[in-house]
Amino acid sequence: MYKFSLNTDKEGLYNITKEVEEAVYDSGKREGLCVVYCPHTTAAITINENCDEDVCKDIIFALNKVFPKFKEYKHDEGNSDGHIKSSLIGVSQTLLIDNYKLVLGTWQGIFLAEFDPPRNRNFYVKII
Ligand code: ZN
């Protein structure tokens, strides 16, 4: 299993495609599955547009429109919106490996979504 860390300074999507691709390359696996997982409750792993950075900003914008910081939340840490977004987006993704490479569409990238910055985040890559 491969472990990576990153520091986040603001809410957003952090591109981790390169790290995941390096783990797949290092594993030497010709075919298989690649699980990307983050062990956090206010972060998530997602796959989306890797070309136009505005897409990542729009995803965060839309999530914040739908899930604002309601004053009625009971959780006293003040980050219930982050917990909700983490559960909805999900803390892992499973990708296919074919011919030693991840099967990703031309415009797809892998992202760690930060919903409660700043934090030091970890994510794991398991090749099966
Ligand atoms: Zn909390």
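Whatever order the structure lists them in is the order used to number ligands and atoms, beginning at 1.
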Problem - Presence of N, O or S from T42 under 2.8 Å of the Zn ion (ligand 1) - result: no
Practice task
Please check if I97 and V125 belong to a single hydrophobic cluster, counting links between Ile, Leu, Val, Met, Phe, Trp and Tyr side chain heavy atoms closer than 4.5 Å.
Solution key: yes
Handout entry: Apex the Zn ion (ligand 1) - arms NE2 from H83 and NE2 from H75 - angle rounded to 10°
Key = 100°
Practice task
Establish, from distance only, whether the side-chain atoms of N99 and E31 form a donor-acceptor pair under 3.5 Å.
Solution key: no
Problem - Y2 and F4 aromatic ring geometry - parallel, tilted or perpendicular at 30°/60° bounds - result: parallel
Fill in the blank from the handout: The atom of E77 among N, O or S that is nearest the Zn ion (ligand 1) is OE1
Handout entry: Exercise: do Y14 and D9 side chains pair donor with acceptor under 3.5 Å
Key = yes
